[in-house]
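Structure first, then comments.
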Amino acid sequence: MHDPIRNIKESLLSDLNERMSTECTCTLKETATRPVPGDGSACATILLIGEAPGKNEDLQGVPFVGAAGKFLDEMLASIGLDRKDIYITNIVKYRPPDNRDPLPQEIEDCAEWLHEQIGIIDPLLIVTLGRHAMNHFFPDKKITEAHGNAYRREFPAGRSQVFYTLYHPAAALYNGGMRDTLKQDFLRIPKVLEKLRSGA
Ligand code: URA
């Protein structure tokens, strides 16, 4: 069906991806194979933000396609969603060498693209995966205390956004306790959305 808003958002995202690959100043570009901008629906209600592309993502140019991505797909299915219903991206758009943690400067250099993505998609809820994504928006929070909670953050120009903070699927993959906690936290996403939709 013809949806003018979707067409506009898709075209803005595709323009953004083009500019990201030519204009991004992040030095990770020098060692990465390609940018990994994001994947999913430009009209998504939920925007998921991970940490950084890994080896498989770097090869394919798509986020969360490895083992952590498979686990994420299972959790999406547990709440009746799949990739085409959401949008998924990372705080840094290029793979760090040897999958090391992204450095503060790299996060800062990629931030303009992330914030543009948020502006275009304008999701009802942002779900952060892991401490790096969470600390980008909430520098003082600890993931062990914050996981499974929703927080509102004000942005300039009177904009505000609700975030739901989760453990990272890669960290939880081989840690039984964290894995169960993440799955439980994930199952609460529909309730958080329901509350937001009802204006609570
Ligand atoms: N981990 C992330 O944080 N992002 C990916 O794209 C893949 C694994």
Side-chain angles (χ1 to χ4, degrees), residues 13 16-17 20-21 24 26-42 44 46-78 81-118 121 123 125-139 141-144 146-148 163-175 178-179 181-183 185-186 189:
L13 279 182
L16 169 85
N17 294 351
M20 185 187 298
S21 65
C24 186
C26 182
T27 50
L28 289 174
K29 240 177 141 167
E30 291 159 17
T31 48
T33 309
R34 68 190 87 244
V36 181
D39 185 41
S41 166
I46 307 175
L47 171 63
L48 288 108
I49 305 178
E51 179 182 322
K55 186 167 183 236
N56 293 306
E57 290 77 20
D58 177 68
L59 292 173
Q60 296 183 39
V62 180
F64 284 94
V65 288
K70 192 167 169 286
F71 180 31
L72 185 63
D73 288 346
E74 284 168 22
M75 289 189 288
L76 284 169
S78 76
L81 297 176
D82 72 27
R83 290 284 183 113
K84 67 174 176 0
D85 303 311
I86 52 111
Y87 195 86
I88 186 156
T89 187
N90 287 300
I91 46 169
V92 297
K93 309 305 186 188
Y94 292 85
R95 180 193 183 198
D98 302 320
N99 297 344
R100 64 156 169 74
D101 286 354
L103 303 173
Q105 185 62 50
E106 293 158 354
I107 294 176
E108 195 183 317
D109 289 341
C110 289
E112 67 174 287
W113 311 110
L114 176 63
H115 288 260
E116 238 190 272
Q117 286 174 318
I118 296 171
I121 297 163
L125 182 67
I126 293 181
V127 175
T128 56
L129 302 171
R131 72 187 161 92
H132 290 283
M134 180 190 74
N135 287 147
H136 179 62
F137 299 99
F138 302 97
K141 289 199 190 301
K142 301 249 176 303
I143 190 81
T144 45
H147 73 87
F163 293 80
Y164 187 61
T165 52
L166 294 179
Y167 282 126
H168 194 290
L173 207 49
Y174 304 109
N175 175 332
M178 198 189 285
R179 190 182 166 103
T181 303
L182 174 54
K183 281 159 87 174
D185 288 346
F186 213 93
I189 292 177

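Remember, it's 1-based here, ligands and their atoms both numbered in the order they're listed. Source: prediction; values computed, not measured.
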Name all residues meeting the side chain to side chain donor-acceptor pair (under 3.5 Å) criterion together with N56; count only those two or more places apart in sequence or in a different chain, and write none if there are none.
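Not a single residue meets the side chain to side chain donor-acceptor pair (under 3.5 Å) criterion with N56.
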Where do E57 and V36 come nearest, in terms of heavy atoms and distance?
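Closest approach of E57 to V36: O-CG2, 3.4 Å.
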Within a strict 4.5 Å, meaning less than it, do heavy atoms of the L28 and P97 side chains meet?
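In contact.
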Taking the side chain as every heavy atom from C-beta outward, state whether L76 and F186 have any atom pair closer than 4.5 Å.
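Yes; the side chains approach each other to less than 4.5 Å.
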What about H115 and F137, are their ring centers closer than 6.0 Å?
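Ring centroids of H115 and F137 are less than 6.0 Å from each other.
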Quick one: do the N175 and R179 side chains pair a donor with an acceptor below 3.5 Å?
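The criterion, which ignores hydrogens and geometry beyond distance, is not satisfied for R179 and N175.
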Ligand 1: protein residues within heavy-atom distance under 4.0 Å:
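Residue list for ligand 1: G50, E51, A52, P53, E57, P63, F64, N90, H168.
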